[in-house]
Amino acid sequence: SFGTEPLHRHPDTGEPFAGRSIPFWPELLSLVTRAAPVAAPLGSVGWDIAVTPDGPLVIEGNANWGMSMTQLVQGLGDSRLGRLALEMRDR
C-alpha cells in the first residue's frame, strides 16, 4: 500500500531508518549461515528471524518468499540476480 518508492521513515511512526542497526547482526548472520545447509536442496530461502533480548532465533525458512515481487520492486530486471531469482522461482 506504500508503493514502490524507497521509504526513509517508518510510514506510521515517522521514525527515520538511517542510523538504525539490527541488534545481534553478527550472530544473526552466523545463525542463518549454520541453518542454510538444512535447506540445501532449495535454490534460496527467505528466513524469518526474531531478534530477542537474548539473540536471534529462527522462526521459519520459506522456499516461496516472493522472489518475483522482489525482482519487480527492486528492478533487478535482466541482471544476473534477477535471472537467478526467476530460475529459482520456476523450480
Side-chain angles (χ1 to χ4, degrees):
S1 65
F2 297 107
T4 59
E5 294 299 314
L7 296 176
H8 301 285
R9 295 181 171 276
H10 190 280
D12 295 329
T13 66
E15 288 291 318
F17 295 131
R20 299 274 181 175
S21 62
I22 298 173
F24 299 106
W25 185 249
E27 294 86 351
L28 190 151
L29 292 178
S30 176
L31 178 63
V32 296
T33 299
R34 292 189 324 268
V38 174
L42 302 173
S44 67
V45 175
W47 296 105
D48 291 343
I49 306 292
V51 179
T52 74
D54 297 323
L57 296 172
V58 173
I59 297 172
E60 65 181 0
N62 297 289
N64 181 6
W65 52 269
M67 284 181 276
S68 56
M69 179 58 71
T70 300
Q71 181 176 1
L72 174 67
V73 173
Q74 297 297 324
L76 299 176
D78 195 31
S79 70
R80 182 174 179 266
L81 181 58
R83 289 187 305 274
L84 183 60
L86 290 175
E87 177 184 315
M88 286 188 236
R89 179 199 65 188
D90 295 336
R91 284 186 180 183

S.K.: Can you see which heavy atom on F24 is nearest to which on D54, and at what distance?
M.R.: CZ-C, 4.0 Å

S.K.: Please list all pairs passing the side chain to side chain donor-acceptor pair (under 3.5 Å) test where one or both residues lie in residues 21-32, with sequence neighbours left out.
M.R.: S30-R34

S.K.: Any link between I59 and V45 through a network of hydrophobic side chains (Ile, Leu, Val, Met, Phe, Trp, Tyr) touching at under 4.5 Å?
M.R.: no

S.K.: Rounded to the nearest 0.5 Å, what's the gap from NE2 on H10 to CZ on F17? Could you check?
M.R.: 6.0 Å

S.K.: Using every non-hydrogen atom in the two residues, find where T33 and L29 come nearest and quote the distance to one decimal.
M.R.: OG1-O, 2.7 Å

S.K.: Is any side-chain heavy atom of V58 closer than 4.5 Å to one of I49?
M.R.: yes

S.K.: List the atom of W47, the atom of G61, and the distance in Å for their closest heavy-atom pair.
M.R.: CE3-CA, 3.7 Å

S.K.: For V51 and P23, which heavy atoms make the closest approach, and how far apart are they?
M.R.: CG1-O, 3.6 Å

S.K.: Just jot down the side-chain contact (heavy atoms from CB on, under 4.5 Å) partners of V38, sequence neighbours excluded, or say none.
M.R.: none

S.K.: If I take atom CG from residue L57 and atom CG from residue L28, how far apart are they, to the nearest 0.5 angstrom?
M.R.: 10.0 Å

